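Single-structure report; data block below.
Nothing fancy with the numbering, it's 1 onward along the sequence. Since the structure is predicted, the reported quantities are computational estimates derived from the model, not experimental observations. Atoms within a ligand are numbered from 1 in the order they appear, just like the ligands themselves.
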Amino acid sequence: MWERSLVVSAPGKAILHGEHAVVHGKVALAVALDLRTFLRLRPCGERGVCVRLPGVGIVRSWDAPSLQALRRGFAADLDESKSPSAEQLDALKEFAGIAAGAPAPESLATLAFLYMYLAISAKHGDVPSVDILVWSELPTGAGLGSSAAYTVCLAAALLAVCGAISCPLKEGEPTARWTEEELALINHWAFQGERVIHGNPSGVDNAVSTWGGALRYQSGQITPLKRVPMLKILLTNTKVPRSTKVLVAGVKEKILKFPAIMNPVLDSIDAISQECQSVLEAMPANPSPEYYPVLEELFDINQHHLNVMGAGHPSLDRLCRVTASHGLHSKLTGAGGGGCGITLLRPDTSPLAVEAAKQDLCACGFECWETSIGAPGVTLHSSSSLNAQVLHALTQS
Ligand SMILES: Nc1ncnc2c1ncn2[C@@H]1O[C@H](COP(=O)(O)OP(=O)(O)O)[C@@H](O)[C@H]1O
Ligand SMILES: C[C@@](O)(CCOP(=O)(O)O)CC(=O)O
Ligand SMILES: [Mg+2]
């Protein structure tokens, strides 16, 4: 029986450049945000598993015998190098009482949990009876990688309790991180969970949520940026709901329909990511304003490309217009179609200008927050390291 409680967290992300194109093998640049998802796991009185996901309004529990019966059928055709099969997902839907067809976004969270729970226990050994609560500072379905932060937390917690990775927290330490090898295993299983939620994810979101910092990602190859300058950004949530899965499928359809038109756009986005990487790596830690005109122009060009690809939305056009009226440059981040935009703040942008832009954005019904980039990746916490808000959220249910 598992006798301890553990708390893990993983950050959300912003994609500076390369969203959508990265699904088709192009380069993306992603940074970890200081907005995190937290998962608390503790021993369960009953034999089985209980999952509480207040962010998506879900509380589910399953007893041990029915999970074991499901796992027997599941383990036989488990191929973790591939996407979960349609048959597996249908079996999980039936088990969880989710209607056939495209699941509602919140049901995807249940399916991802069940898939990861069964696959990890089939591959790495029994997951004991546990109660899991997930709480997040991130908005869900808004382009900040909440799905990846969720699957990274699940992967880390499930792998830790079945003994596939260590529990590296030492007595008296506030936080701990895992070894490179363990992080690679967490990332692998988080990607499988993302596959349940997204259909065809590139893997950039789970990679940056696992390793944190700022990285370049291309076709599974993860390269930390040589230097992460102190970029200040403004995140704005248009609050227009959208689904990454639907948007990624729409972009793919467009590429298949107009390959000669869309492939050059993908190549151009790839070149934008590479140009941005060289500027960022040439910038000193506390950059002077001279580096910013290029970064701003790259934002503007990429925002046009993302519109061409079908990832735009009138709310995002409005966001860009409002910030432009204050001399600031923005683009969508993540899958688009609503969700969040990211605005670059220059070192010489006056706090008054930022405040005025924020007020105008809020007047549109949007929500904004200034944030820094390069947060640490998946982390194990002692309860003394958690701030009051997180502690309150994790001890409510
Ligand atoms: N804290 C959470 N608890 C449960 N499920 C979550 C949580 N965060 C994200 N998810 C899952 O991820 C989905 C949103 O993922 P997605 O459409 O990729 O948007 P994004 O990753 O940009 O937030 C949610 O509908 C839900 O299924
Ligand atoms: C559009 C995409 O590039 C990023 C999606 O990010 P998000 O789920 O919107 O946070 C898809 C992917 O890389 O898998
Ligand atoms: Mg996502």
Could you check [atom] against the protein and tell me its nearest heavy-atom contact, residue, atom and distance included?
{"atom": "atom 12 (O) of ligand 1", "answer": "Ser147 CB, 3.4 Å"}
{"atom": "atom 23 (O) of ligand 1", "answer": "Ser146 OG, 2.6 Å"}
{"atom": "atom 2 (C) of ligand 2", "answer": "His20 N, 4.0 Å"}
{"atom": "atom 27 (O) of ligand 1", "answer": "Pro105 O, 2.7 Å"}
{"atom": "atom 4 (C) of ligand 2", "answer": "Ile15 CD1, 3.9 Å"}
{"atom": "atom 7 (C) of ligand 1", "answer": "Thr140 CG2, 3.7 Å"}

Which of the atoms in ligand 1, numbered in the order shown and given with their element, are less than 4.0 Å from a heavy-atom of [X]?
{"X": "Ala109", "answer": "4 (C), 5 (N), 26 (C), 27 (O)"}
{"X": "Arg242", "answer": "17 (O), 19 (O), 22 (O)"}
{"X": "Val56", "answer": "4 (C), 5 (N)"}
{"X": "Leu144", "answer": "22 (O)"}

Indicate yes or no: does Lys331 engage Asp300 in a salt bridge with an N to O separation below 4.0 Å. no

If you measure from the Lys or Arg side-chain nitrogens to the Asp or Glu carboxylate oxygens, is any gap between Arg177 and Glu182 under 4.0 Å? no

Please tell me whether [X] and [Y] have a donor and an acceptor in their side chains that are separated by less than 3.5 angstrom.
{"X": "Thr323", "Y": "Thr343", "value": "no"}
{"X": "Asp63", "Y": "Ser66", "value": "yes"}
{"X": "Ser136", "Y": "Thr37", "value": "yes"}
{"X": "Gln389", "Y": "Trp135", "value": "no"}

Within the structure, does [X] bring an N/O atom to less than 3.5 angstrom of an N/O atom in ligand 1?
{"X": "Tyr150", "answer": "no"}
{"X": "Gly143", "answer": "yes"}
{"X": "Ile197", "answer": "no"}
{"X": "Gly141", "answer": "yes"}
{"X": "Thr244", "answer": "yes"}

Looking at [X], I want to see if its [atom1] is surrounded by more than 12 non-hydrogen atoms of other residues, nucleotides or ligands under 6.0 Å.
{"X": "Glu173", "atom1": "CD", "answer": "yes"}
{"X": "Lys252", "atom1": "NZ", "answer": "no"}
{"X": "Glu290", "atom1": "CD", "answer": "yes"}
{"X": "Glu80", "atom1": "CD", "answer": "yes"}

Is there a side-chain contact between [X] and [Y], using heavy atoms and a 4.5 Å cut-off?
{"X": "Val27", "Y": "Tyr217", "result": "no"}
{"X": "Thr110", "Y": "Val56", "result": "no"}
{"X": "Cys50", "Y": "Arg60", "result": "no"}
{"X": "Trp62", "Y": "Leu70", "result": "no"}

Can you tell me if Glu194 contacts ligand 2 (heavy atom of the residue under 4.0 Å from the ligand)? no

Backbone or side-chain N or O of Glu19 under 3.5 Å from ligand 2 N or O: no

Do any N/O atoms on Asn200 end up under 3.5 angstrom from N/O atoms on ligand 2? no

Under 4.0 Å from ligand 1, counting heavy atoms only, is it the side chain of [X], its backbone, both or neither?
{"X": "His198", "result": "side chain"}
{"X": "Ala142", "result": "backbone"}
{"X": "Leu138", "result": "neither"}
{"X": "Ser136", "result": "side chain"}

Taking 2.8 Å as the limit, list every protein N, O or S atom around the Mg ion (ligand 3), by chain and residue number. Ser147 OG, His198 NE2

Per-atom contacts, ligand 2 versus [X] - under 4.0 Å to a heavy atom:
{"X": "Gly145", "answer": "10 (O)"}
{"X": "Thr244", "answer": "5 (C), 7 (P), 8 (O), 9 (O)"}
{"X": "Arg242", "answer": "7 (P), 9 (O)"}
{"X": "Val23", "answer": "11 (C), 12 (C), 13 (O), 14 (O)"}
{"X": "Val22", "answer": "3 (O), 13 (O)"}
{"X": "Gly334", "answer": "6 (O), 9 (O)"}
{"X": "Pro201", "answer": "14 (O)"}
{"X": "Lys13", "answer": "6 (O), 7 (P), 10 (O)"}

Evaluate the side chain to side chain donor-acceptor pair (under 3.5 Å) criterion for residues Thr223 and Arg216: first the C-alpha distance (whole Å), next the side-chain angles of each, then the deciding distance (0.1 Å), finally the verdict. CA-CA 5 Å; Thr223 319; Arg216 169 197 164 107; 4.7 Å; no

Establish, yes or no, whether a centroid distance under 6.0 Å links the rings of Phe299 and His17. yes

Have a look at Gly141, Ser202, Ser147, Ser243 and point out the one with the heavy atom closest to atom 14 (O) of ligand 2. Ser202

Tell me every residue that passes salt bridge (charged side-chain N to carboxylate O under 4.0 Å, His left out) with Lys226, counting only those two or more places apart in sequence or in another chain. Glu281

Please confirm whether the backbone N or O of Pro201 pairs with a side-chain atom of Lys245, one donor and one acceptor, at under 3.5 Å? no

In this structure, which one of His326, Arg321, Arg318 forms a side-chain hydrogen bond (donor to acceptor under 3.5 Å, both in side chains) with Asp360? His326

CA sep, side-chain torsions, deciding dist, call: Ser121, Asp126, side chain to side chain donor-acceptor pair (under 3.5 Å): CA-CA 5 Å; Ser121 52; Asp126 276 343; 5.6 Å; no

